[in-house]
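Positions are given from 1, in the same order as the sequence printed here. In this text the structure is predicted, and so the values were computed from the model without any measurement.
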Amino acid sequence: MMYIAGALDVRGLVTRPLGPIVAPATPVLSTSTSAYAHRTSSRVAVVLQLASAGGHSPWTPREATLITATGRHVRKLLVWQSRPLESKDTDVMLVLEIEATPKELRGRYLLELREDATSPPLHLGPVSFPEL
């Protein structure tokens, strides 16, 4: 289906595991949260397997933005989460994606997640996408 939609071509899907990207001071996510960055010929994605730090109400980000090292907001990503992250969860999937050519979104970014426009941001990083 991705091939027919044009999101995948003969070069395929390139994946890069991201190192520990959760800051110890993160109030919602445990440091055991894992993340992978993906790139096809027309899209990039970050897939996170969320693990809760505990002691918080259900959490679901609805906004995701990539930010450069200089603080410039570059791109907003589409957000999909398998279910709200509860206090004891260790296996909630969060997928963030956007259209991007192979020449776009190179370098390292900070990922900003928010439940809504007025909620405090949760920052994760660094995020970098593999090259095709």
Side-chain angles (χ1 to χ4, degrees):
M1 189 68 144
M2 288 177 64
Y3 196 86
I4 293 168
L8 191 62
D9 64 13
V10 294
R11 291 181 284 186
L13 173 72
V14 181
T15 299
R16 167 185 292 158
L18 299 175
I21 65 165
V22 178
T26 300
V28 175
L29 301 179
S30 161
T31 55
S32 62
T33 292
S34 62
Y36 291 86
H38 305 280
R39 183 184 291 272
T40 69
S41 60
S42 63
R43 300 188 77 78
V44 295
V46 177
V47 178
L48 296 106
Q49 194 68 34
L50 304 178
S52 173
H56 60 82
S57 57
W59 182 76
T60 303
R62 289 179 175 76
E63 297 179 10
T65 307
L66 291 173
I67 303 171
T68 65
T70 60
R72 185 172 61 93
H73 288 65
V74 189
R75 301 282 289 272
K76 289 200 176 277
L77 293 96
L78 300 172
V79 179
W80 177 85
Q81 189 168 321
S82 60
R83 66 178 188 279
L85 182 69
E86 301 279 346
S87 189
K88 296 183 191 271
D89 281 336
T90 59
D91 62 346
V92 174
M93 182 180 285
L94 175 62
V95 179
L96 312 165
E97 68 174 82
I98 188 83
E99 287 184 18
T101 69
K103 295 183 182 191
E104 293 180 303
L105 297 178
R106 293 180 165 202
R108 293 168 59 123
Y109 299 92
L110 185 65
L111 178 61
E112 180 177 277
L113 301 173
R114 291 179 180 265
E115 288 187 279
D116 58 48
T118 61
S119 67
L122 189 149
H123 291 109
L124 305 175
V127 171
S128 60
F129 299 101
E131 294 186 28
L132 285 178

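For E99, the CD atom counts as loosely surrounded, since its 6.0 Å shell holds 12 or fewer non-hydrogen atoms of other residues, nucleotides or ligands. More than 12 heavy atoms of other shown residues, nucleotides or ligands fall within 6.0 angstrom of atom CZ in R83.
Separation of atoms OG (S42) and CG (L132) is listed at 9.5 Å; rounding is to 0.5 Å. Remark: E97 CD to W80 CH2 distance equals 11.0 Å, nearest 0.5 Å.
R43 contributes no side-chain N or O that, together with a main-chain N or O of S41, makes up a donor-acceptor pair within less than 3.5 Å. A donor-acceptor pair is defined here as one N or O able to donate and one able to accept, closer than 3.5 Å; such a pair exists between the side chain of Q81 and the backbone of W59. No side-chain donor-acceptor contact under 3.5 Å links R106 to the backbone of E131. One N or O on the side chain of T33 and one on the backbone of A51 form a donor-acceptor pair closer than 3.5 Å. Panel note: side chain D116, backbone S119; a donor-acceptor pair is recorded below 3.5 Å.
Between I98 and the choices V74, V44, V46, the side-chain contact (heavy atoms from CB on, under 4.5 Å) rule is met once, by V44.
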Item checked: Residues E112, R114; criterion salt bridge (Lys or Arg N to Asp or Glu O under 4.0 Å); working and verdict -> CA-CA 7 Å; E112 180 177 277; R114 291 179 180 265; 3.3 Å; yes
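If you check the side chains of R75 and T65, you find no donor sitting under 3.5 Å from an acceptor. Side chains of H56 and S87: no donor on one and acceptor on the other come within 3.5 Å.
Residues V28 and L110 fall into different hydrophobic clusters, defined by Ile, Leu, Val, Met, Phe, Trp and Tyr side chains chained together at heavy-atom separations under 4.5 Å.
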